[in-house]
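Take a look at the structure set out below.
Side chains included, hydrogens not; waters and symmetry mates left out as well; all remaining heavy atoms used.
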Amino acid sequence: MLVTDLFVETPADRIGLDDRLRAELGLDSLGFVELRVQAENTFGVTISDDDFSPENFTSIRTVSTLVRDLRSRAQA
């Protein structure tokens, strides 16, 4: 998603789960908004404004944890 949809220049096989989305991968503010939309559409979740925070959008790991938590809450 980062490489194909958000045009991150780092090859997918060189992106680590804990790489910082802004500092290491170069995502800007528009990129974060697009990542939010892509995650919502791809994984069938709704990311609230409260959940759309730097803590939840620091790395791939933090975004995936948020998506997993949102999907779990929706299924409960």
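Atom-to-atom distance recorded for Asn56:CG and Arg36:CZ is 11.0 Å, nearest 0.5 angstrom. If you take OG1 on Thr65 and CD1 on Ile60, they are separated by 11.5 Å, rounding to the nearest 0.5 Å.
A heavy-atom distance below 4.5 Å is found between the side chains of Leu35 and Leu21. Taking 4.5 Å as the limit, some side-chain heavy atom of Leu25 sits within range of a side-chain heavy atom of Leu2.
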Contacts under 3.5 angstrom, residues 69-76 side chains, donor-acceptor by atom type, not counting sequence neighbours:
unit_1 : atom_1 : unit_2 : atom_2 : d
Ser72  : OG     : Arg68  : O      : 3.1

Could you give the side-chain donor-acceptor pairs of residues 39-48 under 3.5 Å, partners two or more places apart or in another chain?
unit_1 : atom_1 : unit_2 : atom_2 : d
Glu40  : OE2    : Ile47  : N      : 2.7
Asn41  : ND2    : Val37  : O      : 3.4
Thr42  : OG1    : Gln38  : O      : 2.8
Ser48  : OG     : Asp50  : N      : 3.4
Ser48  : OG     : Asp51  : N      : 3.1
Ser48  : OG     : Asp51  : OD2    : 3.3

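Counting only residues at least two apart or on different chains, the salt bridge (Lys or Arg N to Asp or Glu O under 4.0 Å) pairs with a member in residues 6-35 are Asp18-Arg61.
Hydrophobic clustering (ILVMFWY, side-chain heavy atoms < 4.5 Å, transitive): Leu66 and Leu17 are in one cluster. No single ILVMFWY cluster, assembled from side-chain heavy atoms under 4.5 Å apart, contains both Ile15 and Phe7.
Annotation: ring pair (Phe, Tyr, Trp, His ring centres under 6.0 Å) contacts of Phe57 (sequence neighbours excluded): Phe52.
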Item to check | Criterion side-chain contact (heavy atoms from CB on, under 4.5 Å) on Thr58 and Val63, from CA distance to verdict | outcome: CA-CA 7 Å; Thr58 302; Val63 174; over 6 Å; no
